[in-house]
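Here's the structure, in structure tokens; my notes come after.
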Amino acid sequence: MENWQEILSKSIISPGDLPEEFRGDIPTLEKVVARYPMRINPYYLDLIQKVGTPLSRQAVPDAQELSDNVCLEDPLDEENLSPVPNLIHKYPDRVLFLVHSQCAMYCRFCTRKRKVGLDTMKISERTIKLGLQYLQNNKSVRDVLISGGDPLLLSNEKLEWILSSLRKIKHIEIIRIGSRVPCVLPMRITKKLVSILQKYHPLYINTHFNHPGEITKESSTACGLLADAGIPLGCQTVLLKGVNDNQETIKELMRSLLRIRVKPYYLFQGDMTKGTDHFRTKIETGLGIMRNLIGHTSGMAVPIFAVDAPKGGGKIPLVPQYVQKLDKNLVFNNYCGKTYTYVDGY
Ligand SMILES: *Cc1c(COP(=O)(O)O)cnc(C)c1O
Ligand code: SF4
């Protein structure tokens, strides 16, 4: 069997190499790709061809990426919240540490579209050392979330260097890895990689699936290997128009994730990222999806629906309205819309 580097090296990176059904207007798509790179690896291409539009929309460039006049380059104000390059310190006790600029597939809706896969995302041994130094000096940080790009595309050696350096910092309690690799290039989750990861517990992985068609034998095997190594797995799904913006698709996705031992963590409203306006849905769509999950299926299958506030305000949960009135009594609706009263405590 081919190894993951070989598979990745056979990715489609120019519009002219796309299969005919996705080719569109080549000169336009070339302009799109010059600004926002494309990478569709053979594994994900095969899935696209099996599942269709909900997957092709995530991976195939679209002329609309260049005509977005509503959204912002850096919607979460990450650059201004970085005390050192590629380390975002927004919340009191945790940071987001970007350690790799590449991904196994460039998602068209990416929040960090302004820089992933581009030369402008300057990550080097020097920036990583600066990040480590910052963490060493900031005792309030007890949770480090390493992301990118995709950290699991680093070589085993580089990744182990980062993990072991973080583990040497005594006040860091937990390490989290954000990675789409279990979904878009599951063959990267090798026994060797897992044997490295499990040396650095407590280590959590939050992966990213958006559609039930992404759950395959391969991704299930990858998640199984990670889970067997005691790595708790979560999923951060993005709500995307034409991909998963309906109640049944999300319910099926959340249930399928539990079957491969991944706990749904967040369901994100799309960020206001320049080049992704055509993916954004109405807030009410997400609330409707949540109403159709809560109570109607396992509580384990229910993620937190959240919007990440522009200008660095952080993630804010959006919850359907169950409370009708709260004074001496709580009057509230249940998931079926029936009304109940609870006498408040003291
Ligand atoms: C999302 C995010 C985190 C982690 O948030 P949790 O709600 O703890 O998962 C940390 N820092 C930044 C900058 C983030 O965007
Ligand atoms: S894998 Fe994550 S960081 Fe990479 S392009 Fe997709 S959403 Fe962006």
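Order of listing sets the numbers, starting from 1, for every ligand and every atom in it. All residue numbers in this chain count up from 1 along the given sequence.
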Query raised in the report: Nearest protein heavy-atom contact for atom 7 (O) of ligand 1: which residue, which atom, what distance?
Result: Y266 OH, 2.6 Å
Query raised in the report: Cut-off 3.5 Å, side chains only: do R259 and S256 have a donor facing an acceptor?
Result: yes
**Report entry** Exercise: do N206 and H208 side chains pair donor with acceptor under 3.5 Å
**Finding:** no
**Report entry** Exam field: side chain R167 to backbone I172, donor-acceptor pair closer than 3.5 Å
**Finding:** yes
Query - Check: T53/S56 side-chain N/O donor and acceptor closer than 3.5 Å - result: no
Report summary line: For atom 13 (C) of ligand 1, the closest protein heavy atom turns out to be I88 CG2, 3.6 Å
Requested in this report: Look only at the side chain of K274 and the backbone of D68, and say whether a donor-acceptor pair between them is shorter than 3.5 Å.
Outcome: yes
**Report entry** Atoms of protein origin (N, O or S) under 2.8 Å from atom 8 (Fe) of ligand 2
**Finding:** C110 SG
Report task. Give a yes or no on this: more than 12 heavy atoms of other residues, nucleotides or ligands lie within 6.0 Å of atom CD1 of I174. Result -> yes
Report task. Without swapping roles, check the side chain of R94 against the backbone of L145 for a donor-acceptor pair under 3.5 Å. Result -> no
Query raised in the report: Would you call E125-K129 a salt bridge at under 4.0 Å N-O?
Result: yes
Report summary line: Honestly, for L76 the part within reach of ligand 1 (heavy atoms, under 4.0 Å) is neither
Query raised in the report: Considering the options E73, E65, E79, which one meets the salt bridge (charged side-chain N to carboxylate O under 4.0 Å, His left out) requirement together with R114?
Result: E79
**Report entry** Protein residue, atom and distance nearest to atom 11 (N) of ligand 1, heavy-atom basis
**Finding:** Y91 CD1, 3.6 Å
Requested in this report: Work out whether the distance between some heavy atom of R176 and some atom of ligand 1 is less than 4.0 Å.
Outcome: yes
Report summary line: So for Q236 against ligand 1, with non-hydrogen atoms under 4.0 Å, the contacting part is neither
Report task. Report yes or no: do D93 and S140 form a side-chain donor-acceptor pair below 3.5 Å? Result -> no
Report task. Can you figure out which of Y204, Y265, F97 has its heavy atom closest to atom 6 (P) of ligand 1? Result -> Y265
Requested in this report: Flag E78 as yes when one of its N or O atoms lies below 3.5 Å from any N or O atom of ligand 1, and as no otherwise.
Outcome: no
Report task. Please state which part of K315 comes within less than 4.0 Å of ligand 1, counting heavy atoms only: side chain, backbone, both or neither. Result -> side chain
Query raised in the report: How close does the nearest protein non-hydrogen atom get to atom 8 (O) of ligand 1, and which residue and atom is it?
Result: R94 NE, 2.7 Å
Query raised in the report: Would you find a donor on one side and an acceptor on the other, under 3.5 Å apart, between the side chain of T237 and the backbone of F209?
Result: yes
**Report entry** Within-cutoff protein neighbour (heavy atom, under 4.0 Å) for atom 1 (S) of ligand 2
**Finding:** yes
